[in-house]
Chemist: 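First, the structure itself, so that you have it in front of you.
Computed from a prediction, not measured in an experiment: that's the story for all the values here.
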Amino acid sequence: MAAPSNVAMTVVVALLLVAPARATHAAGASYAAPAGGPPSVPAGPLDIVQLGAKGDGKTDSTQAILKAWKNACDATGTQKIVVPAGNYLTGAIELKGPCKSSIIIRLDGNLLGTGDLSAYKKNWIEVQNVDNFAINGHGTLDGQGPLVWKQNECQKSYNCKILPNTLVLDFVKNAQIRGITLLNSKFFHMNIFSCENVVVDKVTITAPGDSPNTDGIHVGDSTNVTISGATIGTGDDCISIGPGSRTIRVHGVRCGPGHGISVGSLGRYKDEKDVEDVKVTDCTLAGTTNGLRIKSYEDSKSSPKATKFLYEGVTMDNVSYPIIIDQKYCPNNICVKSGASKVAVSDVIFRNVHGTSNTPEAVTLNCANNLPCQGVQLVNVDIKYNKSNNKTMAVCKNVAGKSIGVAKELACL
């Protein structure tokens with residue numbers, strides 16, 4: 001039989017790389033078909049080395065990556081940008097659409113974000129207004145955060161200057177990020193904003209437990225986002241789910257060190273949208289400073305609803321404050337302590353959550369006097385304080401719900 005053409009092989013490889021996202025995605029997600037027809041021949045190379053990039057860790061390779069993006073974006077069909085083995089230093093990389101093609105970035109090498117903050121407008125790698133997009137491979141996005149963390153003043157001032165996030169998806173549809181490592185971000189490692197149908201699968205995110213504001217994955221104003229099989233250890237939330245997020249699935253994630261898996265903070269800004277339909281299943285949290293947390297400002301400026309949450313099959317290993325709903329969140333004392341909450345929390349189920357707590361307080365449900373939490377359930381929750389100088393306890397205020405199959409000391413509902 002005659003050997004297949006290069007065009008045919010490109011199509012087959014692209015389909016194999018993109019198709020798995022369909023099987024692992026959240027129920028109800030819809031997908032646009034890959035950009036039409038067989039791929040056209042791009043105007044120039046898609047291998048960044050052929051465009052002048054040098055993998056020596058010193059030479060600025062930003063322009064080579066931007067040229068590869070333009071060549072792929074202007075072509076049709078499915079196009080694959082190649083980052084071969086090597087260490088490629090870059091400044092800000094803005095990958096803008098819309099594109100005529102579906103684009104895969106094959107990351108086999110490592111990208112290094114320069115420590116020169118003047119090289120960034122806002123973020124390091126930002127993908128905007130793109131449909132049908134993927135990054136996969138075994139390479140690393142190294143934010144080189146240790147070079148600039150000392151310039152982070154967000155622990156002192158809540159209105160601080162934000163350092164560059166590593167990977168940002170803005171207004172992206174039908175995307176997958178698979179297999180790569182994100183290391184030592186200057187700020188957030190990954191920020192998913194106003195996106196639809198995104199799969200983040202088997203990524204590794206790593207930063208020291210004391211690194212400032214190095215959240216693993218933040219999701220906001222997005223729909224149908226699945227995070228699966230990830231290993232995340234950072235200096236802030238492993239995963240944070242912000243306002244306007246709907247149909248979010250977190251499955252098989254290992255978190256720690258870090259601040260746990262959080263929803264919020266909610267209510268800080270005006271006109272925030274609801275958070276709805278969140279499922280966190282079969283995850284492990286180890287040594288984190290919080291576990292499963294929902295937090296909203298005590299003097300909230302908006303009135304989003306947080307509803308229809310399921311936390312199931314979660315293991316706690318030496319976690320401080322494993323289960324938390326906090327409607328009186330007030331970091332850095334920036335809010336009015338007597339403020340009335342406007343954030344309604346309802347229909348939250350913690351089922352089959354077990355393990356050990358590093359604090360006597362294993363369950364904390366601290367809801368607002370004026371707007372109590374509704375429909376909260378503790379079902380087969382078995383968490384024990386792992387030291388001998390105190391007893392495991394639950395603290396529940398202004399919350400309505402029920403406890404099923406829960407030890408007496410935790411059955412506060």
Chemist: Go through Trp124 and Thr90 one step at a time and tell me if the side-chain hydrogen bond (donor to acceptor under 3.5 Å, both in side chains) criterion holds.
Modeler: CA-CA 9 Å; Trp124 177 22; Thr90 84; 2.8 Å; yes
Chemist: Just grab all the salt bridge (charged side-chain N to carboxylate O under 4.0 Å, His left out) pairs involving residues 306-327, residues at least two apart or on different chains.
Modeler: Glu276-Lys308, Glu312-Arg351
Chemist: When rounded to the nearest 0.5 angstrom, what distance separates CD1 in Ile227 from CD1 in Ile217?
Modeler: 4.0 Å
Chemist: Does any donor atom in the side chain of His218 or Ser240 lie under 3.5 Å from an acceptor atom in the other side chain?
Modeler: yes
Chemist: Table please: side-chain donor-acceptor pairs of residues 62-73 below 3.5 Å, with sequence neighbours left out.
Modeler:
from  : atom 1 : to    : atom 2 : distance (Å)
Thr62 : OG1    : Asp60 : OD1    : 2.6
Thr62 : OG1    : Gly91 : N      : 2.8
Trp69 : NE1    : Lys96 : O      : 3.0
Lys70 : NZ     : Asp74 : OD2    : 2.7
Asn71 : ND2    : Pro45 : O      : 3.0
Asn71 : ND2    : Lys67 : O      : 3.4

Chemist: Among all residues two or more places apart in sequence or in another chain, which pass the disulfide bond (SG atoms under 2.5 Å apart) test with Cys195?
Modeler: none
Chemist: Measure centre to centre between the rings of Phe350 and Phe309, then say whether the value is under 6.0 Å.
Modeler: no
Chemist: Charged N to carboxylate O under 4.0 angstrom, Lys279 versus Asp277?
Modeler: no
Chemist: With side-chain hydrogen bond (donor to acceptor under 3.5 Å, both in side chains) as the test, would you mind laying out the steps for Asp116 and Ser118 before giving the verdict?
Modeler: CA-CA 5 Å; Asp116 178 5; Ser118 67; 2.6 Å; yes
Chemist: Sequence neighbours excluded, which residues qualify as side chain to side chain contact (heavy atoms under 4.5 Å, CB included) partners of Ala75?
Modeler: Ser40, Pro42, Gln79
Chemist: Are Asp237 and Arg293 ion-paired here, with the side-chain N under 4.0 Å from a carboxylate O?
Modeler: yes
Chemist: Rounded to the nearest 0.5 Å, what separation is found between the NZ atom of Lys54 and the CG atom of Asn87?
Modeler: 15.0 Å
Chemist: Could you tell me whether the side chains of Lys387 and Asn358 share a donor-acceptor contact shorter than 3.5 Å?
Modeler: yes
Chemist: Quick check: do Ser357 and Ile383 have side-chain heavy atoms less than 4.5 Å from each other?
Modeler: yes
Chemist: For residues 400-411, please give each side-chain donor-acceptor pair under 3.5 Å, one per line with the distance, not counting sequence neighbours.
Modeler:
from   : atom 1 : to     : atom 2 : distance (Å)
Ser403 : OG     : Leu413 : N      : 3.4

Chemist: Could you grab the distance from atom CG of Asn213 to atom CG of Asp236, nearest 0.5 Å is fine?
Modeler: 5.5 Å
Chemist: Show the numbers, then the answer: is there a side-chain contact (heavy atoms from CB on, under 4.5 Å) between Val203 and Asp201?
Modeler: CA-CA 6 Å; Val203 302; Asp201 182 51; over 6 Å; no
Chemist: Can you measure from CZ (Phe133) to CG (Asn174) and round to the nearest 0.5 angstrom?
Modeler: 12.5 Å
Chemist: Working to the nearest 0.5 Å, report the span between CG of Asn290 and OG1 of Thr359.
Modeler: 9.0 Å
Chemist: Indicate whether any N or O donor in one side chain lies under 3.5 Å from an N or O acceptor in the other, for Thr226 and Ser228.
Modeler: no
Chemist: Is it true that Ser346 and Thr307 share a donor-acceptor pair across their side chains at a distance under 3.5 Å?
Modeler: yes
Chemist: Flag the pair Leu285 / Cys255 as yes when at least one side-chain heavy-atom distance between them is below 4.5 Å, and no otherwise.
Modeler: yes
Chemist: Sorted by first residue and then second, give each salt bridge (charged side-chain N to carboxylate O under 4.0 Å, His left out) pair with at least one member in residues 204-228; sequence neighbours left out.
Modeler: none
Chemist: Please check if any side-chain donor atom of Asp142 sits under 3.5 Å from a side-chain acceptor atom of Asn110, or the reverse.
Modeler: no
